[in-house]
Amino acid sequence: MMVLPPGLAALVASGVTTLCHCWRFQRRDGLVLGFTDHDRDLVFGGVTYQAETGFTAAETESSLGLAVDTDEVSGAVSTDAIADADIALGLWDDADVEIWIVDWTQVDNRLLERAGSLGEVTRGDLAYEAEIRGLVHRLNQDEGRTYQRQCDAVLGDARCGVDLTSPARRGSGTVLGASDDRLLSVSGLAGFAGDLFTHGVLAWTAGANRGARVELRGHSGERLVLWRRAARPVVAGDAFIVTAGCARTFDMCRSRFGNGANFRGFPHIPGNDFALGVAKKSEVNDGSSFFR
């Protein structure tokens with residue numbers, strides 16, 4: 001049950017409408033921003049809650065038990081506060097959120113209404129809508145291992161054991177030209193085997209996208225293909241670091257990385273093709289071909 005502080009309880013009982021909402025966001029990069037639907041800035045807890053940003057509350061949903069509570073907020077895309085490129089770069093993904101009810105005449109009269117994290121963000125030409133999920137939503141995250149033919153480890157993590165800092169699996173380069181902010185002609189990767197960085201990760205170290213990371217769809221010589229367009233324009237001279245990729249198959253784990261002993265998948269697990277297979281008179285039906 002939510003208990004109001006004495007000062008806020010007295011205000012509510014008086015019927016005077018001097019309440020507003022304040023939202024505190026902390027992004028993954030540590031940046032803290034505050035917004036309010038009041039008509040002037042409010043300051044408390046070391047954070048300035050900006051007014052006149054078009055930041056307003058939308059639908060709120062609360063449930064009993066372990067159902068996930070949700071809230072929605074909307075506002076204008078502002079280059080000073082919430083930039084469209086920052087959303088595209090993923091800087092707002094899963095940001096921590098606090099929603100406060102505040103007496104704007106005396107900000108010490110306030111109550112933390114709910115806390116959670118930022119979910120789906122829908123962007124338009126001039127505005128955005130963001131979903132705020134309650135803390136219970138973390139209980140819906142998948143835990144444990146998945147039984148599948150492909151490896152469920154992340155290349156280079158403790159379970160995988162592959163050293164991605166090795167010069168043979170890590171390269172740096174510079175963009176020579178870009179098409180559609182996704183197809184890149186680069187320098188610096190001529191010494192690497194073709195396709196080594198397919199499914200790998202590119203981290204921008206210089207340029208408008210500095211600090212962002214993106215997965216690679218393809219690599220051939222000194223050409224790279226990103227899975228999605230860069231959030232900001234890519235120009236000649238932008239620098240990056242790339243690390244090797246893996247298709248998560250047992251054959252690649254064994255042949256490319258010599259890491260078959262650490263493979264975290266189940267390459268011989270039966271699938272639909274096995275369940276629906278039938279014996280054929282003209283073939284050897286001893287099952288050995290399945291395990292090759």
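Predicted model, so just to flag it, every value in this text is computed and none were measured. Below, all heavy atoms of this structure are taken into account, side chains as well, without hydrogens, waters or symmetry copies. Nothing fancy with the numbering, it's 1 onward along the sequence.
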Taking the side chain as every heavy atom from C-beta outward, state whether [X] and [Y] have any atom pair closer than 4.5 Å.
X	Y	answer
Leu184	Val225	no
Leu189	Leu224	yes
Val102	Thr36	no
Glu222	Ser187	yes
Asp157	Leu155	no
His38	His21	no
Cys160	Asn259	yes
Val214	Arg228	yes

Pair Asp96, Ser117: side-chain N/O donor-acceptor within cut-off below 3.5 Å: no

Report yes or no: does [X] contribute a side-chain atom to a donor-acceptor pair with the main-chain N or O of [Y] at less than 3.5 Å?
X	Y	answer
Ser14	Leu11	yes
Arg169	Pro167	no
Trp100	Leu111	no
Glu113	Ile99	no
Asp41	Ala51	yes

For the atom pair [atom1] ([X]) and [atom2] ([Y]), what is the distance rounded to the nearest 0.5 Å?
X	Y	atom1	atom2	answer
Gln50	Cys22	CD	SG	11.5 Å
Trp204	Arg232	CH2	CZ	12.5 Å
Leu112	Arg114	CG	CZ	10.5 Å
Phe257	Ser166	CZ	OG	10.5 Å

Within residues 172-182 or reaching into it, pairs that qualify as side chain to side chain donor-acceptor pair (under 3.5 Å) - sequence neighbours excluded: Asp180-Arg229

Can you name the nearest heavy-atom pair linking [X] to [Y], along with the distance?
X	Y	answer
Leu176	Ala236	O-CB, 3.5 Å
Arg149	Ile269	NE-O, 3.1 Å
Val43	Val107	O-CG2, 3.6 Å
Val234	Asp238	CA-OD2, 3.6 Å
Phe263	Cys253	CD1-CB, 3.8 Å
Arg170	Leu164	CB-O, 3.4 Å

Listing, residues 239-250 side-chain donor-acceptor contacts under 3.5 Å, not counting sequence neighbours, or none:
from: Arg248; atom 1: NH1; to: Ala153; atom 2: O; distance (Å): 2.4
from: Thr249; atom 1: OG1; to: Met252; atom 2: N; distance (Å): 3.3

Checking Asp152 now: which residues fulfil salt bridge (charged side-chain N to carboxylate O under 4.0 Å, His left out) with it, not counting sequence neighbours? Arg145, Arg159

For a ring pair (Phe, Tyr, Trp, His ring centres under 6.0 Å) with Tyr49, tell me which candidate from Phe35, Trp23, Phe44, Phe25 qualifies. Phe44

Pair Ile101-Arg110, side chain to side chain contact (heavy atoms under 4.5 Å, CB included): steps then yes or no: CA-CA 5 Å; Ile101 299 175; Arg110 63 179 185 268; over 6 Å; no

Contacts under 3.5 angstrom, residues 193-200 side chains, donor-acceptor by atom type, not counting sequence neighbours:
from: Asp195; atom 1: OD1; to: Thr198; atom 2: OG1; distance (Å): 2.5
from: Thr198; atom 1: OG1; to: His219; atom 2: N; distance (Å): 3.1

Going by side chain to side chain donor-acceptor pair (under 3.5 Å), name the residues that satisfy it together with Thr205, two or more places apart in sequence or in a different chain. none

Residues which pass side chain to side chain donor-acceptor pair (under 3.5 Å) with Gln26, listed by chain and number, not counting sequence neighbours: none

So if you build clusters from Ile, Leu, Val, Met, Phe, Trp, Tyr with side-chain heavy-atom gaps below 4.5 Å, do Val162 and Leu202 land together? no

Same hydrophobic cluster for Val97 and Leu31, using side-chain heavy-atom links shorter than 4.5 Å among ILVMFWY? yes

If you count the non-hydrogen atoms of other residues, nucleotides and ligands that lie under 6.0 Å from CZ in Arg217, is the total more than 12? no

Can you tell me if CD on Glu215 sees more than 12 non-hydrogen neighbours from other groups inside 6.0 Å? no

